Amino acid sequence: MNQELILVAGGGGFIGGHLVSKLRQEGHTKIRSVDIKPMDEWYQVFDDVENVVADLRDAHACRAACEDAAVVYNLAADMGGMGFIENNKAACMISVLINTHLLQAAADADVARFFYASSACVYNADKQRDAQVIPLKEEDAYPAMPEDGYGWEKLFSERMCRHFREDFGLATRVARFHNVYGPFGTWDGGREKAPAAICRKVIEAKTSGNLEIEIWGDGKQTRSFMYIDDCLEGIDKITHSEDLLEPINLGSSELVTINGLVDIVEDIAGVQLKRNYKLDAPKGVNGRNSDNTKIQSYLGWEPSIRLRDGMERTYRWIYDEFLARERAGAAV
Ligand code: NAD
């Protein structure tokens, strides 16, 4: 049993919700989960956790959230898939207030560890023009030319973490997540990312009998996707590492094209769909993968859950959610 108070900022979200769940399973008894969303929109809510609805862009809310906390995980951000971040740059950048106020409050509260969730969107766009990618190493973030809006906020917040460590002695740790997916996340409504969006579209096609799918871009863009369980394990190892002071990649190195991802979901669903490519849709960089040399050398570990296995679990969850929503709609 561990009685240190742990703050999960963004605990109503996808990764934050899973983190709270894992901390409970590990025996933590004092967890504070804070999110701006009304609680009935949180993906996972636990009665034995101190659940707080608050806007962490506000400095007072951050002070209250950090009070007595030993460890802070900042997973709160206004974010979504490419369709959201390309069209909401100001909203994404305003999340800088969350991390800034949380850092200040954590330093004042003498928090022992502070984890910040950064993103592969910090990487220089010039290194991601070709679908035949050279995996991104940590130093490829500079010279800086990150994803406009969202990526700039992440890069700036990373540096805030570094300077709070150097100037105020706050033990900050930063991971650059590469596309995390899994159950209990956004799968509809405009903020969903490619794995969930593709699952939903395949399910819609299968259940409606209209055997077509719209794909954003030409489908040849490449990515890697990390299953949530690997992400949680990485967060834990990075947060508690003694020497991982600088931002580090946390991502799978299993590269796949978007067409390849659709192949996997079609196979899981047992259908084959006609593909319609929407070439003017937001599609992000042409190619991106995680170079895991550094995480291997520091932790002797890297994310390893196969995409096919993680997608199978994700598809099943979205399928059940989809059917539950259809049934609820039919009952109205
Ligand atoms: P999510 O949207 O499911 O969770 C983020 C949560 O933060 C949401 O529940 C949201 O309501 C909350 N939030 C937003 N503004 C807030 C505010 N002002 N005060 C309090 N809470 C607020 O997203 P996620 O996928 O769980 O992402 C968690 C973190 O990981 C984010 O920082 C995100 O940028 C980062 N990240 C995620 C991915 C990914 O693939 N999911 C990739 C790279 C980085």
Side-chain angles (χ1 to χ4, degrees), residues 7-21 32-45 51-62 64-66 72-82 84-85 88 91-102 105 115-123 136 146-147 149-155 157-158 161 174-197 223-228 230-232 234-235 238 247 249-252 284 288 290 303 310 314:
L7 166 64
V8 179
F14 164 49
I15 302 173
H18 281 284
L19 180 60
V20 171
S21 170
R32 183 178 291 145
S33 178
V34 183
D35 204 290
I36 194 172
K37 288 188 297 202
M39 216 169 295
D40 60 0
E41 292 177 22
W42 293 23
Y43 291 116
Q44 303 190 58
V45 182
N51 298 305
V52 180
V53 174
D55 181 352
L56 293 171
R57 291 170 299 188
D58 176 70
H60 297 290
C62 288
C66 288
V72 172
Y73 294 94
N74 179 13
L75 298 154
D78 200 358
M79 62 92 66
M82 280 319 299
F84 180 82
I85 65 179
N88 295 276
C92 289
M93 292 198 83
I94 287 174
S95 294
V96 78
L97 296 176
I98 302 174
N99 197 57
T100 304
H101 291 313
L102 269 181
F115 175 86
Y116 175 62
S118 184
S119 161
C121 288
V122 300
Y123 283 114
L136 293 160
E147 174 79 37
Y150 178 72
W152 276 108
E153 189 278 318
K154 292 290 183 195
L155 197 62
S157 289
E158 284 188 357
C161 288
V174 177
R176 291 176 181 156
F177 297 166
H178 291 243
N179 294 315
V180 192
Y181 71 98
F184 296 99
T186 311
W187 56 275
D188 202 1
R191 286 177 185 252
E192 64 280 15
K193 297 182 158 206
R223 291 290 185 280
S224 72
F225 298 96
M226 168 170 56
Y227 190 64
I228 183 68
D230 273 336
C231 179
L232 297 175
I235 291 173
I238 291 166
N249 281 334
L250 181 54
S252 163
R288 174 182 288 163
S290 177
T314 307

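All figures in this text were calculated on a predicted structure; none of them were measured in a lab. Along the sequence shown, residues carry numbers from 1. Ligands are counted one by one from 1 in listed order, and the atoms in each one are counted from 1 as well.
Numbered from 1 in the order shown, with element, the atoms of ligand 1 that lie under 4.0 Å from a heavy atom of Arg57 read 18 (N). Applying the 4.0 Å criterion to heavy atoms of Ala76 picks out, from ligand 1, the atoms 7 (O), 21 (N), 22 (C). Interface of Ser118 with ligand 1, defined as ligand atoms under 4.0 Å from a residue heavy atom, comprises 43 (C), 44 (C). Distances below 4.0 Å separate heavy atoms of Lys193 from the following atoms of ligand 1: 38 (C), 39 (C), 40 (O), 41 (N), 42 (C). Close approach of ligand 1 to Asp55 (heavy-atom distance below 4.0 Å) involves ligand atoms 17 (C), 18 (N), 19 (N). Residue Leu56 has at least one heavy-atom neighbour below 4.0 Å for each of these atoms of ligand 1: 17 (C), 18 (N), 19 (N), 20 (C).
Here Trp42 has no heavy atoms under 4.0 Å from ligand 1, in either its backbone or its side chain. Neither the backbone nor the side chain of Ala61 has a heavy atom within less than 4.0 Å of ligand 1. When non-hydrogen atoms are compared, ligand 1 lies under 4.0 Å from neither the backbone nor the side chain of Cys121.
Between the side chains of Asp58 and His101, no donor-acceptor pair is found at a separation under 3.5 Å.
Aromatic ring orientation, Phe225 versus Tyr181: perpendicular (interplanar angle above 60°, classes split at 30° and 60°).
Between Lys154 and Glu147 no salt bridge is recorded (no basic side-chain N to carboxylate O distance below 4.0 Å). Here Lys37 does not pair with Asp55 in a salt bridge; the nearest charged N to carboxylate O distance is not below 4.0 Å.
With atom 28 (C) of ligand 1 as the reference point, the heavy atom nearest to it among Leu75, Ile94, Leu19, Val122 is part of Leu75.
A donor-acceptor pair under 3.5 Å links the side-chain atoms of Asn74 to the main chain of Ala76, judged by distance alone. Glu153 places no side-chain N or O within donor-acceptor distance of the main-chain N or O of Gly151, the cut-off being under 3.5 Å.
When only interatomic distances are considered, the shortest N/O to N/O separation between Met79 and ligand 1 does not fall below 3.5 Å. An N or O contact shorter than 3.5 Å is missing between Ile98 and ligand 1 by distance.
Heavy-atom separations between Arg176 and ligand 1 are all 4.0 Å or longer. Ligand 1 does not have Tyr181 within reach: every non-hydrogen atom of the residue lies 4.0 Å or more from it. Not a single heavy atom of Thr186 sits under 4.0 Å from any atom of ligand 1. Contact annotation: Ala54 has at least one heavy atom less than 4.0 Å from an atom of ligand 1. Not a single heavy atom of Gly80 sits under 4.0 Å from any atom of ligand 1.
When all heavy atoms of Ala105 and Cys66 are compared, the closest pair comes out as CB-SG, 3.8 Å.
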